[in-house]
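The structure appears right after this line, and notes come after that.
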Amino acid sequence: MTKPVFRFAPSPNGRLHLGHAYSALLNADFARRFDGRLLLRIEDIDTTRCRPAFEAAIYEDLAWLGLRWEEPVRRQSEHFDEYRAAFRRLQGRGAVYPCFCSRKDIAAAIACREAEGGQPWPRDPDGAPLYPGTCRLLPAGEAERRIAAGEPHAWRLTMAELQTLWPGPYSYGRFDRDGLEERVAADPWRWGDAAIVRKDTPTSYHLSVVVDDALQGVTHVVRGQDLEAATDLHVLLQTLLGLPTPLYHHHGLVLDPEGDKLAKSRQSQSLAELRAAGAAPQDIRQRLGF
Ligand code: GLU
């Protein structure tokens, strides 16, 4: 029987904190208990925010925690061609359209709709307003002309059409700490016309994660609850691209004393700082319940 494959997939855009340590240790714990393999993937598609020094620090912090992973490590920034090929397949299915809107354009269109409709515009599971569909209505000729002229653009999923052509129902398998599995319904439509190729990078988190999990033969995805809703979108992409859907476990998040999610942007204490303050790997493991 082939072994289960787990992966820890951090982004090198800051130092790792306790939340990352929890996710990494939980992946390693599952891999050990399920007699599986553990991969490490560097999710660095955002070339403006990711830094080689942060990547080096990831290896250092994880090794310090006592983790081992298979080499070579997959670095997403080296695989833009593969994401482009997946995007072409989506394009071939008529599943996408180009979008030239800036954030400001989107905000203005939504303010306008809210004023007209007298009610708040619907939001996606992350709390961002759904894309109002402005560029979906562009005549094909105009979109082609603007692309040919080199105008920066994203590519969005055409959800209304997809919902007709690929109605589902969608679902995926969820597993718990003991490996018990159950089916969970997925609702990709609540994401609206999500961008699957961003303006600033030739892919998106959603597209590259789905392509990589399939290419790397990942069978068990263990990641934070903050990504649970994104799984619904991933299941749709897997279906459109003909890729297998792994099993998922979305773990609770490590919170700070105020009850907020730890975040690089909130300057949450990093593993490096905890180490400098005298913490030992064993202290971190204990604190996180391992
Ligand atoms: N790169 C993502 C993060 O650092 C995790 C992606 C995933 O596990 O699917 O939050």
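Bear in mind the structure is a predicted one, so any value in this text is a computation, not a measurement. Just follow the structure's listing: the first ligand is 1, and inside any ligand the first atom is 1. In this chain, residues are counted from 1 in sequence order.
Side-chain contact check for Asp212 and Tyr83: at least one donor-acceptor pair (N or O, by modelled atom type) lies under 3.5 Å.
Between Leu40 and Tyr59 there is a side-chain heavy-atom pair separated by less than 4.5 Å.
Ion pair Arg74/Glu82 flagged as a salt bridge, since at least one NZ, NE, NH1 or NH2 atom sits closer than 4.0 Å to an Asp/Glu carboxylate oxygen. Residues Arg15 and Glu273 are not paired through a salt bridge, judged by the lack of any N-O separation under 4.0 Å between the basic side chain and the carboxylate. Between Glu43 and Arg7 there is no salt bridge, since no side-chain nitrogen of the basic residue lies less than 4.0 Å from a carboxylate oxygen of the acidic one.
Neither the backbone nor the side chain of His20 comes within 4.0 Å of ligand 1, counting heavy atoms alone.
The Tyr205 neighbourhood of ligand 1 comprises atoms 6 (C), 7 (C), 9 (O), with distances under 4.0 Å to a heavy atom of that residue. Residue Val209 approaches ligand 1 through these ligand atoms, each under 4.0 Å from one of its heavy atoms: 9 (O). The atoms of ligand 1 that sit less than 4.0 Å from any heavy atom of Arg7 are 7 (C), 8 (O), 9 (O). The distance from ligand 1 to the heavy atoms of Glu43 drops below 4.0 Å at these ligand atoms: 1 (N), 2 (C), 5 (C), 6 (C). Near Ser11, meaning under 4.0 Å from one of its heavy atoms, ligand 1 places the atoms 1 (N), 4 (O).
Under the 4.0 angstrom criterion for non-hydrogen atoms, Phe8 is not in contact with ligand 1.
Close placement of the Tyr205 and His234 rings is indicated, their centers lying within 6.0 Å of each other.
Residue Pro10 places no N or O, backbone or side chain, under 3.5 Å from any N or O of ligand 1.
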